[in-house]
Amino acid sequence: MQPQKFYLVIFLVISAVIIAAFWFVYASTKNPKPDWQVKSAYKLRGKFFYALAGMIIVITLFTLSALPYVSGTLLPDVVVSVEAQQFSFIIRSPQEDGAGVGATRFELPVNKLVEFRVTSKDVNHGFGIYTPQGELVSQVQAMPGYVNRLRVKFDQPGIYNILCLEYCGVAHPAMKAEIEIK
Amino acid sequence: MANGENKSMTKITLIWVMVSTLVFIVLVSLGVFMRSVQSNMFEQARTYFYPAMTLHGIGMAGLWYVASMSITIYISTRFVRPGKSAQIFALVCTLIGVVLLILATLVGKFAAGWYFLYPLPFFGTWPGWATQFFLVGITILGVGWLIWNLDYLRAISRQYKLGNALGWHYIKGGSGPEVPPFITITTVSSIVCLACLVSGVAVLLFFFIEMFTGKQNDALLMKNLTFFFGHVLVNLSMYLGVAVVYEILPEFARRPWKNNKLISLAWNFVLIVVLVAYFHHLYMDFAQPLWMQYAGQIASYVSSIPAAVMSIFGALALTYRAQMKWNLSSSFLFLGLLGWAIGGVGAVIDSTITVNERFHNTLWVPAHFHTYTLVGLVLIVLGYFYHFVHDINGREQKPALSLFISALYLIGGYGVVAAFYAAGADSVPRRFSTYDYDFIRAGTSYAKTGLVFSLLVFAAVLLYFSELIRNWLQAFKNT
């Protein structure tokens, strides 16, 4: 299952529990007991607190151990420079730093650790990577004055699409590039 | 409060009710328009998509803040005496600000988005005057709201010691003086609002300095300031709505909801975490220091605890087997909390860094914030508005019509957000006027679905307005 679909399922399950709780309380008002003491729910509230806090600690430990940020001493196999500008991407290897060099379609090897060094020449942009099937697999922001390093290993060959994922002006939806993984 | 003073506060609140509802109708119609354009309709009007998006966003963020604040001020007159001049000043500044924003967006086609992320306002296709109108409009709103909050804090400090208003005496184990939760929550919100406005002022100042001197700003600093401002503004609007629930829901449930150690502790905790949670907007800015990213996720997660355990659980316990008076207002307050809870779940999921890598700036983002606004805060505010005008008139609400309006609004509202969630889970990006590429073409179908449901919302809002206006006119005459 795609991670996005998995997150959607988690969301739907929790939402269903919340709706059930609200419905249960709403239905209870059809059989009112005005002298029922709110304090008698405090024990349940305590359990709810510990359950929620415990869940948060576990999920935090689990999810903060695998972040998309570059860390450690592992070197990438390939380094690629990306310059975003209204309304295109210029992608090139760092050696090609002359003006006008670069492309909006770039070839990269399969199963190699690629480091994208992403910046912007004007406003904030996004650099979102879509698989050939249209699944967003990773992204980073392109910010003027900063270089953000994003590492990705492409395990399937094909044409990956790059979209700008930060609103950058009226032609924002047209801002696209392609990466061919061979 | 003296009778004359009370009458003028009622009148000002009635004006806020009418202005807010009318602006809401206009802004909902912009939302419908945006979904139409994304459905490939109105191609000739496509150039208005981004100006409309900007006005819809800034309008809704501002509208629900002023609407929540105006009813907060009115309810607060049960306990404190806010100044009349500050209310009029805030109203006038808001109206001037709104006119400038409308001129900037719909006439000047300013389209930098509601949080006008630096340096986009300087790189647009719109004329310079439109940027100036927009920034000056925001400045005027900021000045008006700053005075509004300072006056409210002044009114509170006249009646309570600040520490007591924040419930510190409860936290220390004391039991008196009695301070309603409403006062604690709104005091927290006003303090948070001052921090938010300071950040907004800093952003505007840096914009104006660059505009007049050409000296470039640091994009990461500007982004932090902007998101601090935007995130806090939206959150504190929700807190004001929740404060209204703490004060009004007990009237429908016929049970008291008193302040205590845990409620005070929860809201003081909120005061701290809301200032840090905004970091989650910058997860995909890898240049941001790593500790901020950790802090963003942890603060976002833990901020759900007081909301879920104290406010939502508390409201459910209060309502459980109560002799509840169900009408449009009480239903909207109750359902508004439901929307807040569900939207909160969507937000917390997205505040996980690894999840955000997949969801950031997809339609999952409008999905969760529309859940806690459109079917959350908006319901609470509209519910209170309706209660307020009937209360002034001494009239009962019509149950059959209320049920129809509620059902129409809920079906429409949840349909709108469902289309957003499904699209977000399908990797469809947000803020795209069209979905022209094959791999995101599904965005058009989701937009069409969203459009149908948004029309139901629009119809429900018009029906609500037609009912509100009759009672409003009578209330205005009576005041």
Side-chain angles (χ1 to χ4, degrees), chain A residues 3-5 7-8 10-11 14-15 18-19 21-22 25-26 28-29 31-34 36 38 41 45 48-49 52-53 56 60 63-64 66-70 86 122-124 126 128 130 134-136 138-141 143-146 148-150 161 163 165-170 172-173 176, chain B residues 50 111 113 117 119-120 123-125 218-220 223 254-255 284-287 290 293-294 297-298 301-302 305 308-309 313 316-324 326 334 338 341-342 345-346 349 352-355 357-362 421 425-427 429 431-434 436-437 439-440:
Chain A
Q4 283 95 326
K5 302 288 187 287
Y7 305 141
L8 179 65
I10 291 175
F11 168 74
I14 300 174
S15 298
I18 294 171
I19 291 169
F22 271 74
V25 169
Y26 165 72
S28 77
T29 62
N31 182 20
K33 193 179 175 190
W36 183 79
V38 173
R45 186 180 67 184
F48 179 43
F49 169 78
L52 192 61
I56 283 175
T60 302
T63 55
L64 284 183
L67 299 183
Y69 310 123
V70 174
Q86 285 177 323
D122 42 41
V123 301
N124 284 280
Y130 282 76
E135 178 191 349
L136 175 63
S138 191
Q139 62 172 303
V140 70
Q141 291 269 299
M143 182 183 277
Y146 289 87
N148 287 326
R149 295 190 293 156
L150 172 69
N161 288 289
L163 285 183
L165 288 185
E166 181 62 59
Y167 173 62
C168 60
V170 294
H172 168 61
K176 177 178 166 287
Chain B
Y50 288 113
L117 190 59
L120 184 53
F123 283 85
T125 47
D218 182 284
L220 187 57
K223 205 169 193 177
R254 301 180 175 102
R255 279 178 183 155
M284 294 302 111
D285 291 284
F286 292 8
L290 193 59
Q293 313 290 28
Y294 280 104
Q297 180 168 327
I298 293 167
Y301 274 21
V302 297
I305 295 178
V309 176
F313 188 94
L316 291 177
L318 184 90
T319 313
Y320 178 69
R321 298 197 73 177
Q323 216 167 9
M324 195 72 187
W326 287 114
F334 190 69
L338 173 66
I342 295 175
V345 173
I349 288 174
T352 312
I353 297 170
T354 46
V355 176
E357 190 185 0
R358 299 269 182 156
F359 277 158
H360 187 69
N361 282 342
T362 68
Y421 280 115
D426 214 1
S427 300
R431 296 181 152 179
F432 270 43
S433 54
T434 54
D436 289 338
Y437 302 117
F439 63 99
I440 52 166

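To find a chain, count down the sequence lines: A is the first, B the second, and so on, and within it residues start at 1. In this text, all values refer to a predicted model and were calculated from it rather than measured experimentally.
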May I ask you to name which of B/Ala341, B/Ala308, B/Ala425, B/Pro429 has the most heavy-atom pairs under 4.5 Å with chain A?
B/Ala425
Based on non-hydrogen pairs under 4.5 Å, which of B/Pro119, B/Ala317, B/Ala219, B/Ala287 is most in contact with chain A?
B/Pro119
Within-4.5 Å side-chain heavy-atom neighbours: B/Phe286 and A/Arg149
no
Identify, with sequence neighbours excluded, every residue that meets salt bridge (Lys or Arg N to Asp or Glu O under 4.0 Å) alongside B/Asp426.
A/Lys5
Measure from the ring center of A/Tyr167 to the ring center of B/Tyr50 and say whether it is less than 6.0 Å.
yes
Select one option (side chain, backbone, both, neither) describing which atoms of B/Gln297 are under 4.5 Å from chain A's heavy atoms.
side chain
Side-chain touch B/Tyr437/A/Asn161, heavy atoms, less than 4.5 angstrom:
no
Sidechain-backbone polar pair: A/Tyr7 side chain, B/Arg358 backbone, donor-acceptor under 3.5 Å
no
Heavy-atom distance under 4.5 Å to chain B: side chain of A/Leu52, backbone, both or neither?
side chain
Taken in chain and number order and not counting sequence neighbours, the residues that satisfy salt bridge (Lys or Arg N to Asp or Glu O under 4.0 Å) with B/Arg254 are none
Chain A contact via B/Ile349 - which portion, at a heavy-atom distance below 4.5 Å:
side chain
Do you know which two heavy atoms are closest between B/Glu357 and A/Leu136, and how far apart they sit?
O-CD2, 4.4 Å
Between A/Ile19, A/Leu163, A/Val70, who has the most heavy-atom pairs with chain B when the cutoff is under 4.5 Å?
A/Leu163
Taking the side chain as everything from C-beta on, heavy atoms only, tell me whether B/Asp218 gets closer than 4.5 Å to A/Tyr146.
yes
Looking only at heavy atoms and a cut-off of under 4.5 Å, which of A/Asp122, A/Leu64, A/Ile10 has the most pairs with chain B?
A/Leu64
Reported CG-to-CE distance for the pair A/Asn124 and B/Met284, which is rounded to 0.5 angstrom
14.5 Å
Against chain A, work out which of B/Val355, B/Thr125, B/Asp436, B/Thr352 has the most heavy-atom pairs shorter than 4.5 Å and name it.
B/Val355
So for B/Phe313, is it side chain, backbone, both, or neither that comes closer than 4.5 Å to the heavy atoms of chain A?
side chain
If one checks every heavy atom of B/Leu338 against chain A at 4.5 Å, the contacting part turns out to be both
Let me see the working for B/Ile342 and A/Phe22 under side-chain contact (heavy atoms from CB on, under 4.5 Å), right down to the final yes or no.
CA-CA 11 Å; B/Ile342 295 175; A/Phe22 271 74; over 6 Å; no
Specify which of A/Ser138, A/Pro144, A/Ser15 makes the most heavy-atom pairs with chain B at under 4.5 Å.
A/Ser138
Most chain A-contacting option - heavy-atom pairs closer than 4.5 Å, from B/Ile305, B/Val345, B/Leu316, B/Ile298
B/Leu316
With side chains defined as the heavy atoms from C-beta onward, is the minimum distance between B/Gln293 and A/Leu67 less than 4.5 Å?
no
Take A/Gln4 and B/Thr362 through the side-chain contact (heavy atoms from CB on, under 4.5 Å) test and state the conclusion after the steps.
CA-CA 11 Å; A/Gln4 283 95 326; B/Thr362 68; over 6 Å; no
Selection from B/Gly346, B/Ala111, B/Gly124, B/Ser433 maximising heavy-atom pairs under 4.5 Å formed with chain A
B/Ala111
In Å, rounded to the nearest 0.5 Å, how long is the span from CD of A/Glu135 to CZ of B/Phe439?
13.0 Å
If you count heavy-atom pairs under 4.5 Å with chain A, which of B/Tyr294, B/Trp326, B/Tyr320 comes out on top?
B/Tyr320
Run A/Tyr26 and B/Phe334 through ring pair (Phe, Tyr, Trp, His ring centres under 6.0 Å) and show every step you take.
CA-CA 9 Å; A/Tyr26 165 72; B/Phe334 190 69; 7.0 Å; no
Distance (rounded to the nearest 0.5 Å) between A/Leu165 CG and B/Phe432 CZ:
6.5 Å
Give a yes or no on whether the backbone of B/His360 and the side-chain of A/Gln139 come within a donor-acceptor separation of less than 3.5 Å.
yes
Compare all side-chain heavy atoms of A/Gln141 with those of B/Lys223 and state whether any distance is below 4.5 angstrom.
yes
